[in-house]
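Every chain is numbered from 1 and lettered A, B, ... according to where its sequence line falls, protein lines coming before strand lines. What you see is a predicted model, and the numbers here were worked out from it, not measured in a lab.
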There are 2 protein chains.
Amino acid sequence: MTTAKRKRVPRVERERQMIEVAERVFTERGYGAASMDEIAELVGVSKPMLYEYFHSKEGLLLACIRQSRAALREATEQATVGAVSPEDALRRGLLAFFVFIRERREAWSLLRHEMALIGTPAADEIEQTRRQQTDLIVAVMSEYFDDELRAEASAEFVVGACERLAIWCERFPDVTPEMATDYAMDMLWSGLSRRAADMRVNLHAH
Amino acid sequence: MTTAKRKRVPRVERERQMIEVAERVFTERGYGAASMDEIAELVGVSKPMLYEYFHSKEGLLLACIRQSRAALREATEQATVGAVSPEDALRRGLLAFFVFIRERREAWSLLRHEMALIGTPAADEIEQTRRQQTDLIVAVMSEYFDDELRAEASAEFVVGACERLAIWCERFPDVTPEMATDYAMDMLWSGLSRRAADMRVNLHAH
DNA sequence: AAGTCCATCCTACTTTGAGTAGGTTACCGG
DNA sequence: CCGGTAACCTACTCAAAGTAGGATGGACTT
């Protein structure tokens, strides 16, 4: 910086820079507390540029979220390619998810902020982005359900469960992605019924 | 209104009014788009009053959320009183939850906004409020898990799953609370393993 | 080499809304 | 009737979103 001659930069490259900086600032300060002035300054550009590229603060956040969602989807989808069964696909997907949220802190943190856009014009767009994510799970779930509605409900169920579990994991750094996957998979696969059965066995044994 | 003589009102009563109006406005406009000026006007009071009572916009939202959480907790806790088993308690709690989100639209909508406070000073308070909710589930889960950590993880899992399922339900008015409860309970209790088994049976039958 | 054109970029503004300083008035107990 | 306090207000500051209108580097023509 200092007095460095400011070079002009092509659109796509600037866009990349802006999103990169915005991702960091939104994550650090939170959406509400982040200011467009600060982001502009960190990019080394003036505020109207941000508006030319993203139209609004919401738009900028949306762009960041879209990118993070894409990365997450990419990661989970890739993880399931060699799966030998739906069960295996589910397990691999879960592991990829829990690894992702640990390795890509900023991206994940950003996704947690998408709720900040509820009730705004961008809400639809957010829902679309999210939908793209759940569709992966719907595909897996359809293996187990004839009822289409039920399959979709179950997919949402799984996504919500894992998101919440991921947030919980952040409070316990000792919980590895493998452990989280195990917790989730155990619930999803076996359910509580088997544990209830085990309890009865233990009861009779003593 | 119009030119009606503005009567003075005791603190607790005003507080009630303010929260009631704020709940509506936050729900309608979303947290970001809601303005303190508008809320003040709808209450029939000046803006500094809001700040005297709640200290900040965040504080006002927090008060609304606290109230809604309390109502939700009350509803779910009451529902489990006559339960004859952990399984029964879980089912009753789930049903109460899905009934709540349908009957108390504004309250539920508000709770979905709590994520808007991530990264703010109020985040801790939010986590406390939420914790109060999950503790109910932890109690039920502890019946099935010796491992304390696993019980907690499972509670978060259940809460996240149901929250997401509830959001999904809003898009399908035909899905009754009873159906949602059934979807959730089926996943939680039986898991996918039984469905996988059923699939194999069907396969062999034809 | 000089001129043209436009994508990139800026300075300087408006507007909106959160939060506050300091004063005013209705009501209650004496 | 007269303090005193709890409820209340007007009128501001300040930060940050969003915009109008203009300046300029540099690619491309001639």
Side-chain angles (χ1 to χ4, degrees), chain A residues 1-22 24-26 28-64 113 116-117 119-122, chain B residues 1-22 24-26 28-65 113 116-117 119-123:
Chain A
M1 262 299 218
T2 58
T3 38
K5 204 62 175 293
R6 240 114 74 153
K7 255 295 274 331
R8 293 209 164 177
V9 165
R11 209 175 176 92
V12 282
E13 172 63 10
R14 266 279 184 256
E15 199 169 308
R16 224 189 40 73
Q17 295 177 4
M18 287 171 175
I19 290 182
E20 184 185 325
V21 170
R24 212 174 58 235
V25 175
F26 281 142
E28 280 171 7
R29 300 244 192 289
Y31 177 70
S35 95
M36 294 297 265
D37 285 286
E38 184 187 357
I39 294 172
E41 184 163 1
L42 286 176
V43 176
V45 101
S46 72
K47 197 162 50 145
M49 288 304 292
L50 288 179
Y51 284 90
E52 173 143 358
Y53 281 62
F54 301 101
H55 179 65
S56 70
K57 190 182 181 184
E58 260 179 46
L60 180 53
L61 176 60
L62 200 57
C64 294
H113 284 71
L117 296 182
T120 71
Chain B
M1 264 296 216
T2 58
T3 38
K5 207 60 174 297
R6 240 112 76 153
K7 251 301 267 348
R8 293 207 164 179
V9 165
R11 209 176 177 94
V12 282
E13 172 63 10
R14 266 280 185 256
E15 200 169 308
R16 224 188 41 73
Q17 294 177 4
M18 287 171 175
I19 291 182
E20 185 185 324
V21 170
R24 211 173 58 233
V25 175
F26 282 141
E28 279 170 9
R29 300 244 192 290
Y31 177 71
S35 94
M36 293 297 266
D37 285 286
E38 184 187 357
I39 294 172
E41 184 163 359
L42 286 176
V43 176
V45 103
S46 73
K47 196 162 50 145
M49 287 304 292
L50 287 179
Y51 284 89
E52 173 144 355
Y53 281 63
F54 301 101
H55 179 65
S56 71
K57 190 182 181 184
E58 261 179 47
L60 180 54
L61 175 60
L62 200 59
C64 294
I65 288 177
H113 285 71
L117 296 182
T120 70

Does NZ or CZ of B:Lys57 come closer than 6.0 Å to the centre of the six-membered ring of B:Phe26, within 45° of the ring's axis?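 Because its charged atom misses either the 6.0 Å distance or the 45° angle limit, B:Lys57 does not stack over B:Phe26.
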Between D:dC8 atom C1' and B:Glu13 atom CD, what is the distance in whole Å?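 These atoms are roughly 16 Å apart.
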Between atom CD in A:Glu41 and atom C1' in C:dC9, what is the gap in whole Å?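 Rounding to the nearest Å, CD of A:Glu41 and C1' of C:dC9 are 16 Å apart.
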Between the base of C:dA18 and the side chain of B:Lys47, is one N or O donor paired with an acceptor at under 3.5 angstrom?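 Checked by distance alone, the answer is yes.
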Among D:dA23, C:dA18, D:dC8, the nucleotide that comes nearest once only the side chain of A:Arg8 is considered: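 Closest nucleotide to the A:Arg8 side chain: D:dA23.
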Choosing from C:dA18, C:dT25, C:dT8, which nucleotide comes nearest the side chain of A:Arg11?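 Nearest listed nucleotide: C:dT8.
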Applying salt bridge (Lys or Arg N to Asp or Glu O under 4.0 Å), can you list everything that pairs with A:Glu20, at least two apart in sequence or on another chain?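 Per chain and number, A:Glu20 pairs via salt bridge (Lys or Arg N to Asp or Glu O under 4.0 Å) with A:Arg16.
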Give me each pair satisfying ring pair (Phe, Tyr, Trp, His ring centres under 6.0 Å) with a member in residues 36-64 of chain A, each pair once, sequence neighbours excluded. none
In chain order, what residues pass the side chain to side chain contact (heavy atoms under 4.5 Å, CB included) check against [X], with sequence neighbours excluded?
X	result
A:Gln17	A:Val9, A:Glu13, A:Arg14, A:Val43
A:Glu52	A:Arg11
B:Ser35	B:Asp37, B:Glu38

Report yes if a side-chain nitrogen or oxygen of B:Arg14 is closer than 4.0 Å to either non-bridging phosphate oxygen (OP1 or OP2) of D:dC8; otherwise report no.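 Checking D:dC8 against B:Arg14, a side-chain N or O does come within under 4.0 Å of OP1 or OP2.
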Interface residues of residues 48-56 of chain A with DNA chain C (non-hydrogen, below 4.0 angstrom): A:Pro48, A:Met49, A:Tyr53
With sugar-phosphate meaning primed atoms plus P, OP1 and OP2, does A:Ser46 contact a base, only sugar-phosphate, or nothing at under 4.0 Å between heavy atoms? base
If you look at every strand shown and take non-hydrogen atoms under 4.0 Å, does A:Ala34 touch a base, only sugar-phosphate, or nothing? sugar-phosphate
